[in-house]
Amino acid sequence: MRSKPTGAEWSRLDPIGRGRIIEAELGVRPEFLFAEANLERTLVLVKPDAVQRGLMGEIVARLERRGLRLVAARFQRVDRALAERHYAVHKGKPFYPGLLDYITSSPVLAMVWEGPNAIGAVRQTMGSTRPAEAAPGSVRHDFGLEVGRNLTHASDGPDTALEEVNLWFRPDELVDWERSVDRWVFESK
Ligand code: IDP
Ligand code: MG
């Protein structure tokens with residue numbers, strides 16, 4: 001049984017990676033060891049329709065106000081290769097060609113956000129995939145009508161979050177930082 005990595009080695013690992021190491025190497029669920037273990041990172045895209053409609057600020061503001069912490073951000077075009085990798089799971093579905101056209105049609109704002117249970121929290125803030133079914137108050141409800149123009153992407157689970165963060169950002173682009181308000185937002189701080 002190896003003890004957990006320390007110092008720089010530890011801080012370079014993303015929270016999901018840290019949790020996995022704790023679980024694999026110590027044989028215990030990470031939440032029993034560290035209060036920070038439910039700290040998750042998730043990939044968020046402000047898709048082309050939301051960028052074109054001037055909703056970047058609105059969407060960032062909602063995530064900030066929720067208490068989530070920004071880890072990385074890049075405004076960029078999406079080439080076909082990146083679009084295909086990001087949406088590989090949907091290859092073969094009827095909407096796949098249209099989805100690739102949509103996501104490559106205009107720049108996106110790609111971001112990583114973190115916080116306690118951030119993956120579920122961000123999905124909740126964005127709302128259900130189909131805007132007509134999204135909860136009132138969610139981004140997709142408040143600004144959308146159709147599934148093919150649903151404004152945002154957010155990772156849907158720990159495995160996809162890790163894969164997507166690594167697909168869109170290099171490790172040195174992920175900023176480890178603390179806010180003075182963290183202890184007023186994160187109970188474990
Ligand atoms: P998600 O974005 O809420 O995770 P997924 O089911 O993973 O939803 O689908 C990925 C994206 O593909 C959706 O956000 C939406 O842009 C698009 N999409 C999904 N289903 C349809 C559809 O039936 N018609 C058109 N586009 C769709
Ligand atoms: Mg999805």
Please report the C-alpha distance between Trp168 and Leu82 in whole Å, then the side-chain angles of each, then the deciding distance to 0.1 Å, and finally whether the side chain to side chain contact (heavy atoms under 4.5 Å, CB included) criterion is met.
CA-CA 8 Å; Trp168 287 79; Leu82 177 57; 3.6 Å; yes
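- Counting non-hydrogen atoms of other residues, nucleotides and ligands closer than 6.0 Å to CZ of Arg179 gives a total above 12.
- There is no path of hydrophobic side-chain contacts, each under 4.5 Å, that joins Leu99 to Leu109.
- Side chain of Glu40 to backbone of Ala118: a donor-acceptor contact under 3.5 angstrom is found.
- No donor-acceptor pair under 3.5 Å is formed between the side chain of Asn150 and the backbone N or O of Arg130.
- Note on ring orientation: taking the six-membered ring where Trp is involved, the planes of Phe95 and His90 are tilted (angle from 30° to 60°).
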Side chain to side chain contact (heavy atoms under 4.5 Å, CB included) between Val44 and Val112, intermediate numbers included:
CA-CA 6 Å; Val44 175; Val112 177; over 6 Å; no
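- In this structure, Arg74 forms a cation-pi arrangement with Phe169, its terminal cationic atom sitting closer than 6.0 Å to the ring centre and no more than 45° off the ring axis.
- How far OG1 of Thr42 is from NE2 of His153: 7.0 Å, rounded to the nearest 0.5 Å.
- Arg66 and Gln124 share a side-chain donor-acceptor pair at under 3.5 Å.
- The minimum heavy-atom distance linking Arg123 with Ser155 is given by the pair CD-O, 3.2 Å.
- Annotation for Pro107 and Phe75: closest pair CB-CZ, 3.4 Å, computed over non-hydrogen atoms.
- Taking OG1 from Thr160 and NE2 from His86, the interatomic distance works out to 9.5 Å, rounded to the nearest 0.5 Å.
- Around the CH2 atom of Trp177, the shell of radius 6.0 Å holds more than 12 heavy atoms that belong to other residues, nucleotides or ligands.
- Between Leu70 atom CG and Met111 atom CE the span is 7.0 Å, to the nearest 0.5 Å.
- For Pro48, the side-chain contact (heavy atoms from CB on, under 4.5 Å) partners two or more places apart in sequence, or in a different chain, are Tyr102, Ile103, Ser105, Ser106, Val108.
- Asn166 places a side-chain N or O within donor-acceptor distance of the main-chain N or O of Leu162, the cut-off being under 3.5 Å.
- Smallest separation of non-hydrogen atoms from Tyr96 and Tyr87: CE1-O, 3.5 Å.
- Leu63 approaches Trp113 most closely through the heavy-atom pair CD1-NE1, 3.4 Å.
- Each of Leu68 and Leu174 belongs to its own hydrophobic cluster when Ile, Leu, Val, Met, Phe, Trp and Tyr are linked at side-chain heavy-atom distances under 4.5 angstrom.
- The shortest heavy-atom contact between Val122 and Ala154 is CG1-CB, 3.6 Å.
- Within the 4.5 Å cutoff, the side chain of Leu151 has no heavy atoms near those of the Lys47 side chain.
- Within 6.0 Å of atom CD in Glu146, 12 or fewer heavy atoms from other residues, nucleotides or ligands are found, so the atom counts as exposed in its surroundings.
- Sorted by first then second residue, the side chain to side chain donor-acceptor pair (under 3.5 Å) pairs that include residues 134-143, not counting sequence neighbours, are Arg62-Asp142.
- Separation of atoms OG1 (Thr129) and CG (Asp156) is listed at 9.0 Å; rounding is to 0.5 Å.
- To the nearest 0.5 angstrom, Asp49 atom CG is 8.5 Å from Thr152 atom OG1.
- Tracing side-chain contacts under 4.5 Å through hydrophobic residues (I, L, V, M, F, W, Y), one reaches Leu167 starting from Leu45; they form part of the same cluster.
- Between the CZ atom of Arg53 and the CD atom of Glu58 there is a distance of 10.5 Å, given to the nearest 0.5 Å.
- Follow the hydrophobic side-chain contacts under 4.5 Å out from Val139 and you reach Met56 in the same cluster.
- Residues Ala161 and Ile119 share a closest heavy-atom pair of CB-CD1, 3.7 Å.
- Residue pairs meeting the salt bridge (charged side-chain N to carboxylate O under 4.0 Å, His left out) criterion with at least one member in residues 91-106, sequence neighbours excluded, are Arg80-Asp101.
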